[in-house]
Structure formats: structure tokens, C-alpha cells
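One structure below.
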Amino acid sequence: MKQVFLESHNLKNRYSGFGQFNYHFIKALADFPKNDFEIVLNAKNISELEEEFGAAFKYRKYNSLTRHKPFRIKKKYNLWHCLNQNIKIEPFFNIPYLLTVHDVHFVTEGSPELQQKLKKQFNEKLKRSSAIAYISEFAKQDTHAHFDVPNIPEYVIYNGNTITEITLPKDYKPSLLPQKPYLFSIGDFSERKNFMSLVEMLRFLPEYNLVLAGSNTSSYAEKLTEMVKRYGFENRVFQTGKIADLDKQYYLQNCEAFVFPSLREGFGIPPIEAMRFGKPVFLSNNTSLPEIGGEHSFFWNHYDPEYMAKMLKDGMEKFNNNRLFYENWYTARAQSFNWKTTAEKYLEVYKSLL
């Protein structure tokens, strides 16, 4: 039987962006019958996957050595699916190859040396690709703007919403709990996520606290903490670090609004998660976010803190004056991003390439 190999080792970081994509995509794939081919997962914790998915997949133990050219995987799979643009693991032989592109942020981030290294790596992926799937129209446009994309089939396949069912127990509470109404955001603490603009904005919003979730061990996180101390916001800004699903659901369900001033996003799953709870969503008006947020999200055109605060106040007033309409619209939009649809579209691509 033909085999499709999924380079899915990012499953080991389940709560990272790529880890979330891999897990929810694979979980949706498991529910589809695959009569003409079987799917092989490349992963570190095979036993955990076997326990959850059983015979829905075949499994290959991830080995970090396969990142290096002499030790690349030599089995000639019928199709290799590279699940994101940053993966260093490649097939040894030239075999049919599907590349999923989430973003090409690396063209402007990091040192010039790092940018050149990643551009070279990505160009090699493009050259070996038989087809490319992008997670948004923006990701496709941005790739074409910076790279010479080969004349091969291209697809835009949106991610699904990672929160389909709300499973939060009524009496559940996280360890960090603001005492007054709060705004919520989640993501890695980095220049791109632009969380410091939210702390600045808080100066003009004395009625709110701010909860920021995500990996906060970076130099950017240190700068943000210094800013919090400088403004005396230690009791207003809560940095949770990485959080599990129940904490995330709690903060989304109980926040006044979800705030996401990101400078660059290939897709942006967190706003969709917030919409699932019917929450007002405030986003940067750039890259993929207008495409994902839709006509009834609220958008910042720049990051002057007083302007951002006014936009939030005006948006909250508009939301509260027509709450039922907005809650229904947000919930419906969140449900329109469905991992089942995502998996179905990828399976059609697999069939076309096989």
C-alpha cells in the first residue's frame, strides 16, 4: 500500500504553534477512512500517539540525527508532507513532496546571517516541492513577494479552530486570577507579538487588568517585565507562562476582550479561539489578521497607546450595545474554521499527488 509520510516531530512541543497545528490536524485525519494509502507519523512519543490513535496511522520513531544530510531518511515514501517551513528534516531521495507554509517571517527577523541561512533552507524546500499549501492568502502572497516560487500546484487551506468544545468545569479556576475585569492575550513573548504595546495601552485603561500567557523566558519578556515595574503595574499585568487547555479556556471565557497587536501573523489561531467564546476581538490591521478576523473584529491601524485605548473603549461600547449579534457572529465565525475541513482538503491534495 502507498504511504504518506508526515514530518510531524513538532508534536513533542504540543502547546507551541506548530505543535498545535500538528496535533489538531492529525487528530482530524484520524477520523477519515484511508483506503488507498496509509499515513506514517514521524514523532518522538510514539506510545502516546498509539494510545490515542491506534491503527489509524503507522508510526516512525523520530531521531534528531535525521536533521543531518548523511543521516536523512532513506525510505522512498510515495509522498512526503513537510508540515512547516522551518523543518530541517528532509528525505534523502527526491520523492513527491508537499510543503505547508505558515509564514516567511524569517525574511525580516533575526540577524542578516540568520535570515540568509533560513532563506537558503527555504529555497531548497521550494525547489524540491511538488505542491505547496499555505495556511492563508496572506502567507501565499508574502511567499511570492519574497521568493521565486516554482510553477507547481498551490493551495490555500485554512487551519481549524483548536477549541471546538468548551470543556471547562464550572468551579475551575487558574492559579493566577485578576481581581478586576481583564484583557487577555496569548503567544510567545517576542518583538513580533508586540505585547509591550498592550502594557503601554493599560496606562489609559485604569478599569482593566491584563493577562498575558505564553513562553516568557526571552529577552523581550525581560524588557516587558521591566516596563511593568516602571509603571507600577505589578498588580495589573499577570504573566502566566505557558498554560494548558483548561487555563486557556478559563481566561478566554472570563476576559472582557481578547487583544492581539501582533506585527506579523501567517494565520493567527488565538483570535479564532477567542471568537469561540463570543468575545470581542481587537487585532492589528496587518498581514493575515484582517483575513482571519473578518468584518466584525476591531482593528488597530497603529500602536500609539492612547489611540489603542480609545479604539478598545469604542469597540467595547459597540460590542455591548449589540452584544447578542456580536456573540453569535463571533461564535459562528470560529466554527467556520474547522479541522475536519482542513484534513479533508489535505487528503484531496494527497490523492492528487499520489
Side-chain angles (χ1 to χ4, degrees), residues 13 15-20 103 105-106 108-111 114 174-244 247-248 250-252 254-271 273-274 279-289 298-313 315-316:
N13 300 315
Y15 296 108
S16 68
F18 289 145
Q20 286 280 286
D103 61 68
H105 300 331
F106 55 82
T108 57
E109 293 180 351
S111 67
L114 179 61
S175 56
L176 278 176
L177 199 59
Q179 296 305 306
K180 63 180 180 180
Y182 65 90
L183 310 172
F184 179 60
S185 195
I186 187 169
D188 290 338
F189 282 55
S190 65
E191 298 283 350
R192 177 157 53 88
K193 295 301 182 185
N194 197 24
F195 285 163
M196 288 171 72
S197 70
L198 297 175
V199 178
E200 293 276 13
M201 178 182 72
L202 217 61
R203 293 157 49 206
F204 302 94
L205 296 170
E207 65 270 38
Y208 291 115
N209 283 340
L210 174 65
V211 175
L212 299 173
S215 178
N216 59 346
T217 56
S218 63
S219 59
Y220 184 84
E222 292 174 5
K223 292 177 190 174
L224 188 143
T225 300
E226 289 171 9
M227 176 183 284
V228 168
K229 289 178 181 175
R230 187 163 70 251
Y231 291 139
F233 286 172
E234 289 93 339
N235 295 321
R236 294 187 62 200
V237 177
F238 298 82
Q239 299 179 54
T240 68
K242 291 181 181 179
I243 55 175
D247 278 11
K248 180 165 68 173
Y250 180 92
Y251 289 126
L252 288 170
N254 292 282
C255 69
E256 295 297 303
F258 183 78
V259 287
F260 203 65
S262 179
L263 303 178
R264 288 178 66 86
E265 290 292 327
F267 181 82
I269 285 178
E273 293 176 331
K279 295 297 177 177
V281 171
F282 293 82
L283 308 170
S284 298
N285 193 16
N286 61 39
T287 62
S288 69
L289 292 173
F298 302 98
F299 294 96
W300 290 302
N301 292 321
H302 58 82
Y303 308 105
D304 173 79
E306 196 166 1
Y307 155 81
M308 288 179 71
K310 184 179 186 307
M311 285 290 294
L312 189 128
K313 287 179 179 178
M316 290 303 297

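If you read the sequence from its start, that first residue is 1, and numbering goes on from there. Note that the structure is a prediction, hence the values are computed from the model and not measured. The basis for the numbers below is simple: all heavy atoms, side chains too, and nothing from hydrogens, waters or symmetry mates.
Looking at Leu176 and Val211, their side chains never come closer than 4.5 Å, going by heavy atoms from C-beta outward. A 4.5 Å side-chain heavy-atom check between Val237 and Leu202 finds at least one atom pair inside the cut-off. Side chains of Tyr231 and Arg203 form a contact here, defined as non-hydrogen atoms less than 4.5 Å apart. The shortest distance between side-chain heavy atoms of Phe106 and Leu114 does not fall below 4.5 Å. Using a 4.5 Å cut-off on side-chain heavy atoms (C-beta onward), Leu210 and Phe233 make no contact. Residues Phe282 and Met201 form no side-chain contact, since every pair of their non-hydrogen atoms from C-beta on lies 4.5 Å or further apart. Residues Asn254 and Tyr182 meet the side-chain proximity criterion, which asks for heavy atoms closer than 4.5 Å. Within the 4.5 Å cutoff, side-chain heavy atoms of Leu212 are placed close to those of Ser185.
Taking the six-membered ring where tryptophan is involved, the planes of His302 and Tyr307 are essentially parallel, since the angle between them stays under 30° and well short of 60°. Between Phe189 and Phe195, the angle of the ring planes goes over 60°, which puts this pair in the perpendicular group of the 30/60° scheme.
Put simply, the side chain of Lys310 never gets that close to the backbone of Phe204: no donor and acceptor are under 3.5 Å apart. Side-chain N or O atoms of Glu265 include none that pairs as donor or acceptor with a backbone N or O of Leu263 at under 3.5 Å. With Tyr303 contributing its side chain and Met196 its backbone, the two residues share no donor-acceptor pair below 3.5 Å. Of the possible donor and acceptor atoms, none in the side chain of Thr287 sits under 3.5 Å from a partner among the backbone N and O of Arg264.
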message: I'd like to know whether Val259 forms a side chain to side chain contact (heavy atoms under 4.5 Å, CB included) with Leu312, so could you lay out the CA-CA distance, the side-chain angles of the two residues, the decisive distance to 0.1 Å, and finally the verdict.
response: CA-CA 9 Å; Val259 287; Leu312 189 128; 3.7 Å; yes
- request: Give the intermediate values and the outcome of side chain to side chain contact (heavy atoms under 4.5 Å, CB included) for residues Phe238 and Leu177.
  value: CA-CA 8 Å; Phe238 298 82; Leu177 199 59; over 6 Å; no
field: side chain to side chain contact (heavy atoms under 4.5 Å, CB included) assessment of Ile243 paired with Tyr251
entry: CA-CA 10 Å; Ile243 55 175; Tyr251 289 126; 4.1 Å; yes
message: Working note: Glu109 + Glu191, criterion side chain to side chain contact (heavy atoms under 4.5 Å, CB included); need CA distance, chi angles, decisive distance, verdict.
response: CA-CA 9 Å; Glu109 293 180 351; Glu191 298 283 350; over 6 Å; no
query: Given Phe258 and Phe260, is the ring-ring contact (aromatic ring centres under 6.0 Å, His included) satisfied, shown in steps?
result: CA-CA 7 Å; Phe258 183 78; Phe260 203 65; 5.7 Å; yes
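Distance check: Ser197 OG to Met308 CE gives 3.5 Å after rounding to the nearest 0.5 Å. Going from atom CG of Asn13 over to atom OG of Ser215 covers 10.0 Å, rounded to the nearest 0.5 Å. For the atom pair OH of Tyr220 and OG1 of Thr225, the computed distance is 11.0 Å after rounding to the nearest 0.5 Å. Atoms CG and CE, on Asp304 and Met311 in that order, are 12.0 Å from each other to the nearest 0.5 Å. Atom-to-atom distance recorded for Glu256:CD and Asn209:CG is 11.0 Å, nearest 0.5 angstrom.
Ala257 and Met316 get closest at one heavy-atom pair: CB-SD, 3.8 Å. For Ala274 against Val281, the heavy-atom pair with the smallest separation is CB-CG2, 4.1 Å. Scanning both residues, Arg236 and Leu205, for their nearest heavy atoms gives NH2-O, 2.7 Å. Closest approach of Leu289 and Leu283 over heavy atoms only: O-CD1, 4.0 Å. When all heavy atoms of Asp103 and Gly266 are compared, the closest pair comes out as CB-CA, 4.0 Å. Scanning all heavy atoms of the two residues, the minimum distance from Asp188 to Lys193 falls at O-CG, 2.9 Å.
In this structure, Asn235 places its CG atom where only 12 or fewer heavy-atom neighbours from other residues, nucleotides or ligands lie under 6.0 Å away.
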